[in-house]
Amino acid sequence: MGESYFTRVFELTSKIPAGRITTYGSIADYLALGSARMVGWALNKSFGGETFVPAHRVVNRKGELSGRGHFPTPSMMQELLEQEGVIIDNNKVKDFDKHYWNPSEELA
DNA sequence: CGTTTGACGGTCC
DNA sequence: CGGACCGCCAAAC
């Protein structure tokens, strides 16, 4: 079975610790996908999967919850993050660098 | 099969 | 600091 973009993105995203966040670009860079858009594209398919993928822990470079509109409910992404102790202010992650999780440093 | 569209990111102005 | 522009690559049209 060939590993697709989906599999790699799902596995890495699932390794993000609760209460931590990372960016599309960081994932794309770590997996050498060549484009951060591929990460969002793959995560969009994650909802149909059998395994839950914590896609809410992935935000854009500015710390904005740009993917909230793709969740079952727009408020779900923010609620999940707040449940994990991440403060959301105006659709943006507060203390972004404090919660940031870099796969290249902490996982590698 | 050419064009448009993204859950993005970096540069330029 | 923010808006305009381009590069990125796969899918949808």
Side-chain angles (χ1 to χ4, degrees):
Chain A
M1 55 187 247
E3 291 185 354
S4 56
Y5 291 103
F6 312 104
T7 310
R8 295 180 188 169
V9 173
F10 292 170
E11 289 186 6
L12 182 58
T13 303
S14 298
K15 290 176 183 172
I16 304 173
R20 295 292 200 95
I21 56 174
T22 192
T23 67
Y24 302 97
S26 297
I27 294 176
D29 184 65
Y30 179 77
L31 297 178
L33 298 183
S35 175
R37 292 180 182 270
M38 299 296 92
V39 179
W41 168 70
L43 286 178
N44 194 12
K45 302 271 187 181
S46 68
F47 290 104
E50 296 155 2
T51 308
F52 174 73
V53 180
H56 59 280
R57 295 177 191 152
V58 185
V59 298
N60 68 8
R61 198 46 170 137
K62 305 170 201 164
E64 298 172 337
L65 309 187
S66 52
R68 64 181 159 74
H70 293 263
F71 281 78
T73 63
S75 60
M76 182 176 173
M77 187 174 187
Q78 177 171 341
E79 291 176 1
L80 287 172
L81 285 172
E82 288 179 338
Q83 287 175 14
E84 298 178 356
V86 180
I87 309 297
I88 306 301
D89 181 53
N90 192 19
N91 288 323
K92 293 179 200 157
V93 177
K94 194 173 183 181
D95 297 325
F96 174 80
D97 53 341
K98 184 178 178 182
H99 292 285
Y100 178 65
W101 180 79
N102 189 334
S104 298
E105 295 179 358
E106 305 203 40
L107 181 63

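Throughout, a chain's letter reflects where its sequence line sits, starting with A, and its residues are numbered from 1.
- Every residue meeting the side-chain contact (heavy atoms from CB on, under 4.5 Å) condition with A:Glu11, not counting sequence neighbours, appears here in chain and number order: A:Thr7.
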List, one per line, each side-chain donor-acceptor pair under 3.5 Å for residues 41-53 of chain A, sequence neighbours excluded.
unit_1  : atom_1 : unit_2  : atom_2 : d
A:Ser46 : OG     : A:Leu43 : O      : 2.5

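- Scored by the side-chain contact (heavy atoms from CB on, under 4.5 Å) test, A:Thr23 finds A:Ser26, A:Arg61, A:Phe96, A:Tyr100 as partners (sequence neighbours excluded).
- Across the P atoms, C:dG2 and B:dA7 are found 22 Å apart, a figure rounded to whole Å.
- With A:Asn102 contributing its side chain and A:Ser104 its backbone, the two residues share a donor-acceptor pair below 3.5 Å.
- To the nearest angstrom, P of C:dC1 lies 11 Å from NZ of A:Lys92.
- Listed in residue order, the members of residues 46-80 of chain A having a heavy atom less than 4.0 Å from DNA chain C come to none.
- Considering only heavy atoms from C-beta on, A:Thr22 comes within 4.5 Å of A:Ile27 through its side chain.
- Counting only distance, with no hydrogens or angles, the side chain of A:Arg57 and the backbone of A:Ile16 share a donor-acceptor pair below 3.5 Å.
- Looking at A:His56, its side chain never comes within 3.5 Å of a backbone N or O of A:Gln78 through a donor-acceptor pair.
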Enumerate donor-acceptor pairs with a distance under 3.5 Å from any side-chain N or O in residues 65-73 of chain A to protein atoms, sequence neighbours excluded.
unit_1  : atom_1 : unit_2  : atom_2 : d
A:Arg68 : NE     : A:Asn91 : OD1    : 3.3
A:Thr73 : OG1    : A:Met76 : N      : 3.4

- Message: Treating primed atoms plus P, OP1 and OP2 as sugar-phosphate and everything else as base, which nucleotides of nucleotides 8-13 of chain C get B, S or - for protein heavy atoms under 4.0 Å?
- Response: BBSSS-

